[in-house]
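Since we're looking at a predicted model, the values are computed, not measured. Quick note: numbers below take in every heavy atom, side chains included, and nothing from hydrogens, waters or symmetry partners. Just follow the structure's listing: the first ligand is 1, and inside any ligand the first atom is 1.
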Amino acid sequence: MKPLIVANWKMNPLTIEVAQRLTKTVKIGLRGIKDIEVILCPPFTSLSIVKKELKGSGIKLGAQNLFWKELGAYTGEISARMLKDVGCDYVIIGHSERRHLLGETNGMVNLKLKTASKAGLKPILCIGETIEERQEDKAQEVITYELISGLKDISGLALSLLSIAYEPIWAIGSGRTADPDEIMTAQLLIKKILTGLYSSITAQKIRILYGGSVMGTNAYEFTKVVGMDGLLVGGASLNATEFVNIVKALTK
Ligand code: PGA
């Protein structure tokens, strides 16, 4: 299984021109890197230009969200088919910023996961606890609930496309990362839940990523030492040099 490094640009950069420049620099920086799957997830307005810029590079395109209906009167939403049409292979689903700032529920996450896989998009399901939940010793409960409800009635092909990102919310954009022990505990819990829901073979095939203040200096530890199957990178992915360093850390 190739490690997966996902750049989540969130609502950045401001212009299509900067997005194109960032893509170009990342593409040049990662030239010749094989055996690592790299995905750029720009905002919707830059998907098309980033796709064009990535042509022939091996780097793939992802979106940050989608809606579960195919087309119609859903103002402000975007469908899986539209994302496929613009050239996306991946889509981030259930990011904590969507859950907590925009009220996305586990039920919505579940619908989005089903829709993405049906359209052949590979979903990256984000789960993770808030600081309060962690302090109340509820991290494991939250991970379990988000995973079980997010994956309700999902099986077969959909599972083969899935990756899961464990992102403790207090580590996102804070410069604080979870301890290796905490990440390992979350990883084992996720694997245990997947084994219970499906089978150990299926659980082994689903990549489990870590996200939350990932940088060039800690990427090696999370992947090579802790054993995560990849990384979901926010802030640091907007700096081409830093992002390239993160990917290169996995080649050591
Ligand atoms: P961060 O964001 O790397 O800026 O902490 C990660 C994420 O939100 O996916």
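- Listed by number with element, the atoms of ligand 1 under 4.0 Å from a non-hydrogen atom of G212 are 5 (O).
- Using a 4.5 Å heavy-atom cutoff, the side chains of K114 and W68 are not in contact.
- In this structure, G211 falls outside the shell of residues with a heavy atom less than 4.0 angstrom from ligand 1.
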Please evaluate residues E97 and K10 with respect to the criterion side chain to side chain contact (heavy atoms under 4.5 Å, CB included), reporting the C-alpha separation (whole Å), side-chain torsions for both, the decisive distance (0.1 Å), and the verdict.
CA-CA 9 Å; E97 282 147 19; K10 310 191 180 187; 2.8 Å; yes

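- Between L232 and ligand 1, a contact under 3.5 Å exists for no N or O pair.
- Counting only heavy atoms of the protein, atom 9 (O) of ligand 1 lies nearest to E167 OE2, 2.6 Å.
- A donor atom on one side chain and an acceptor atom on the other are not found under 3.5 Å apart for Q64 and W9.
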Evaluate the side chain to side chain contact (heavy atoms under 4.5 Å, CB included) criterion for residues L151 and N110: first the C-alpha distance (whole Å), next the side-chain angles of each, then the deciding distance (0.1 Å), finally the verdict.
CA-CA 6 Å; L151 294 178; N110 178 252; 5.7 Å; no

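- Heavy-atom contacts of G235 reach the following atoms of ligand 1: 1 (P), 3 (O), 4 (O) (cutoff under 4.0 Å).
- Residue A171 touches ligand 1 through its backbone alone, judged by heavy-atom distances below 4.0 Å.
- A distance-only check finds a donor-acceptor pair linking the side chain of R207 to the backbone of K2 [under 3.5 Å].
- Checking only distances, S174 never comes within under 3.5 Å of ligand 1, N or O to N or O.
- Less than 4.0 angstrom separates some heavy atom of H95 from each of these atoms of ligand 1: 7 (C), 8 (O), 9 (O).
- The side chain to side chain contact (heavy atoms under 4.5 Å, CB included) test with V38 is passed by exactly one of I59, L4, L54: I59.
- The N8 neighbourhood of ligand 1 comprises atoms 9 (O), with distances under 4.0 Å to a heavy atom of that residue.
- Between the choices A165, S96, G234, G173, the shortest heavy-atom distance to atom 5 (O) of ligand 1 belongs to G173.
- One side chain, T130 or E133, offers a donor N or O that lies under 3.5 Å from an acceptor on the other.
- In the candidate list R176, M215, K10, K10 is nearest to atom 2 (O) of ligand 1, counting heavy atoms.
- At least one heavy atom of S213 lies less than 4.0 angstrom from ligand 1.
- Using modelled atom types, no side-chain atom of N239 and backbone atom of A236 make a donor-acceptor pair closer than 3.5 Å.
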